[in-house]
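Residue numbering restarts at 1 for every chain, and letters A, B, ... go by the order of the sequence lines. In this text, all values refer to a predicted model and were calculated from it rather than measured experimentally.
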Protein chains: 2
Amino acid sequence: MPHSPVRDAPAPKQRVQDEIRRDIISGALSAGTRITEASLGEKYGISRVPVREALHALEAEGFVESKPYAGSTVAAIPVDDADDLFAVREALEAATARRAAKQAAAQFSVGVPDSHWWKTRKDIAEILDSGDAAIEADSLNLLPELNVRFHLGVAELSASASLTALLRQIAGKIEWLYAADVGSRGRQAWNEHRSIMAAIDAGDVSTAEQRMGGHVHQSRTGYMDRFAP
Amino acid sequence: MPHSPVRDAPAPKQRVQDEIRRDIISGALSAGTRITEASLGEKYGISRVPVREALHALEAEGFVESKPYAGSTVAAIPVDDADDLFAVREALEAATARRAAKQAAAQFSVGVPDSHWWKTRKDIAEILDSGDAAIEADSLNLLPELNVRFHLGVAELSASASLTALLRQIAGKIEWLYAADVGSRGRQAWNEHRSIMAAIDAGDVSTAEQRMGGHVHQSRTGYMDRFAP
DNA sequence: TAAGGAGCAATTGTATGCAATGTCACACAT
DNA sequence: ATGTGTGACATTGCATACAATTGCTCCTTA
């Protein structure tokens with residue numbers, strides 16, 4: 001494998017996909033805005049093909065809508081779906097936490113360790129430390145992204161591609177809903193993460209499930225109280 | 001709009017996408033099988049581009065896995081995720097049924113009727129009739145597809161693009177899991193559909209939610225008893 | 001004036017050619 | 001015998017060129 005000196009530059013398709021999604025979440029691209037492949041291609045200095053693929057991927061993620069031969073537009077923020085999305089997320093993350101705890105127990109019982117599992121577990125540890133540091137420095141604006149990465153990390157520990165893909169989809173929407181906000185419940189919510197990981201590490205299936213479910217439920221009521229009283 | 005004589009032939013991309021997905025669900029393409037764009041393009045008599053887009057879409061749906069520059073393979077059947085997928089589906093469909101009932105109530109209270117809503121409601125009526133006819137004729141093999149169409153129809157009635165997209169994703173996996181099976185619980189499950197629609201039509205939010213949740217829960221226990229005793 | 005249809009411009013869908021990258025076999029040193 | 005480096009090959013990623021479809025403008029007409 002050729003070792004890149006500093007860092008692998010992401011592929012053009014991935015780059016524009018992330019960029020467009022960022023612009024949509026941040027509000028730089030408002031709902032209903034028409035998007036053409038050619039204009040974006042020129043903007044980023046690449047051809048229409050990668051832009052096209054990025055737009056289709058974003059359509060699958062629910063950020064843009066497109067009709068054949070008619071073009072793409074920025075989708076509407078799913079604000080009306082907030083409560084239902086949280087309800088689904090509650091069931092979903094309870095499942096990922098339960099499975100993650102089961103996987104953790106398996107790591108210590110079987111002989112051969114799963115390197116991917118340990119790598120992911122280590123990433124989560126770093127994420128938790130980064131979050132604590134951010135809180136210490138009053139940089140609460142870093143928490144939303146770290147929060148998403150934590151929850152996706154737990155999904156990764158669950159070793160279920162299906163559940164991880166579902167959480168990716170929902171997490172994108174939730175992040176979109178929180179766009180204007182800067183986590184007022186940030187501190188308390190973050191502290192619950194270590195308690196969840198403790199249950200997972202201990203292989204305590206039902207406790208992990210309960211704590212994660214309660215954690216998401218708190219987020220849900222917090223959001224609904226603030227934005228839909 | 002130019003009116004096509006008999007029926008609009010689907011676009012090549014959509015055609016191969018449906019074809020490949022069908023082959024994967026049916027088992028004609030088994031897990032781990034390597035898929036190359038060129039071979040499929042030649043097989044269907046089209047270029048690599050539509051095949052490529054179809055494969056990426058199927059990757060988003062969870063049926064294929066691909067790594068950059070390395071190609072695509074058929075994903076593994078998510079049999080280990082069955083119970084968790086059903087759990088998420090339970091929460092998800094309870095939400096769609098609740099919202100569908102709310103939308104139904106709105107149709108009668110406000111002045112202007114939503115034509116899309118009524119069209120979807122009519123489609124569901126036809127689906128239910130088709131299912132009854134299939135049962136009458138002992139053609140139980142038609143039920144799985146009609147079942148998916150019914151549940152997606154209810155999601156459509158919910159008027160939530162987010163929830164509909166999530167259900168599409170989960171329904172695909174569930175259909176995959178049921179692949180070898182030919183609905184032994186088919187008859188009884190089908191009869192519950194009219195009861196669910198009655199609650200939705202009446203605008204009875206909580207009853208619709210409960211009946212749909214119970215319906216999915218029955219499917220879940222039925223599946224787990226049969227395949228994972 | 002309003003309704004309807006033909007023509008046109010803009011945009012997406014598809015085909016082909018080239019560049020970039022991962023994979024695998026094989027030689028070779030330890 | 002086993003691990004390691006190297007090179008050719010197969011396959012995907014991107015660029016460019018062409019075909020197909022949509023939505024709109026504007027003209028016609030009752």
(request) Any chance you could list the contact pattern along nucleotides 9-17 of chain C? Use B for base contacts, S for sugar-phosphate-only contacts and - for none, protein heavy atoms under 4.0 Å, 5' to 3'. (result) --SBBBBBB
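By the side-chain hydrogen bond (donor to acceptor under 3.5 Å, both in side chains) test, Ser160(A) pairs with Asp81(B), sequence neighbours left out. Scored by the side-chain hydrogen bond (donor to acceptor under 3.5 Å, both in side chains) test, Thr120(B) finds no partners at all (sequence neighbours excluded). Annotation: side-chain hydrogen bond (donor to acceptor under 3.5 Å, both in side chains) contacts of Asp201(B) (sequence neighbours excluded): Arg121(B). When the side-chain hydrogen bond (donor to acceptor under 3.5 Å, both in side chains) test is applied to Arg15(B), no partner is found at least two apart in sequence or on another chain.
Pairs passing the ring-ring contact (aromatic ring centres under 6.0 Å, His included) check and including a residue from residues 62-100 of chain B, sequence neighbours excluded, read Phe63(B)-Trp176(B), Phe86(B)-Tyr223(B).
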